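Okay, structure first, notes after.
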Amino acid sequence: MLFQRRSFSNRLRKLRGLKKKNKDISTQLQRLQSDINKSQQQLLDRQHHIPNISYPEDLPISQKRADIAKAIAAHQVTIIAGETGSGKT
């Protein structure tokens, strides 16, 4: 996971320093590898569970989808207002 990259990098750097001092780092290196593998699996799990986004045509807001996407791309803050049940979510 991206947010763990810095932590993994720091841990690896420390292990390299210990190795230069002829310290046994095999257990710590295995633990780091295990944590990296867990992180990779979490990423795959998250990617596998991304919900499909659908835009039912019977909702009034679906007709304005292109306009809304354009507004979001052009402005840092976009406010969508509409009646209950119009499809804002």
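Keep in mind that this is a model prediction, so the values were computed, not measured.
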*Should Ile80 and Ile61 count as side-chain neighbours, where that means a heavy-atom distance under 4.5 Å?*
yes
_Is there a path of hydrophobic side-chain contacts, each under 4.5 Å between heavy atoms, that joins Leu43 and Ile50?_
no
*To the nearest 0.5 Å, what is the distance between CD (Gln42) and CG (Asn37)?*
11.5 Å
*Are any non-hydrogen side-chain atoms of Arg11 and Gln28 less than 4.5 angstrom apart?*
no
_Neighbour count above 12 (heavy atom, 6.0 Å) for Asn52 CG_ = no
*With side chains defined as the heavy atoms from C-beta onward, is the minimum distance between Leu44 and Gln47 less than 4.5 Å?*
yes
_Exercise: identify the closest heavy-atom pair between Phe8 and Asp35_ = CZ-O, 3.6 Å
*Measure from the side-chain N and O atoms of Lys88 to the backbone N and O of Glu83, and report whether any donor-acceptor pair falls under 3.5 Å.*
yes
*Are Asp45 and Gln41 linked by a side-chain donor-acceptor pair shorter than 3.5 Å?*
yes
*Does Lys14 reach the side chain of Lys19, with side-chain heavy atoms less than 4.5 Å apart?*
no
*What is the distance from atom CD1 of Ile36 to atom OG of Ser7, rounded to the nearest 0.5 Å?*
9.5 Å
*Can you tell me if Ser62 uses its side chain to pair, donor with acceptor, with the backbone of Pro56 under 3.5 Å?*
yes
*Could you tell me whether a side-chain N or O of Ser39 sits under 3.5 Å from a main-chain N or O of Met1, the two making a donor and an acceptor?*
yes
*Over all atoms of both residues, closest heavy-atom pair of Gly85 and Pro60*: O-CD, 4.3 Å
*Evaluate the side chain to side chain contact (heavy atoms under 4.5 Å, CB included) criterion for residues Asn10 and Arg13: first the C-alpha distance (whole Å), next the side-chain angles of each, then the deciding distance (0.1 Å), finally the verdict.*
CA-CA 5 Å; Asn10 289 340; Arg13 190 175 338 100; 2.6 Å; yes
_Nearest 0.5 Å, please: how far is CG in Leu59 from NZ in Lys64?_
15.0 Å
*What heavy-atom pair brings Thr78 and Ile72 nearest, and what distance separates the two atoms?*
OG1-CA, 3.5 Å
_ILVMFWY cluster, Leu32 and Leu18 together (side-chain gap under 4.5 Å)_ = yes
*Going from NZ on Lys38 to CD on Gln33, what distance comes out if it is rounded to the nearest 0.5 angstrom?*
12.0 Å
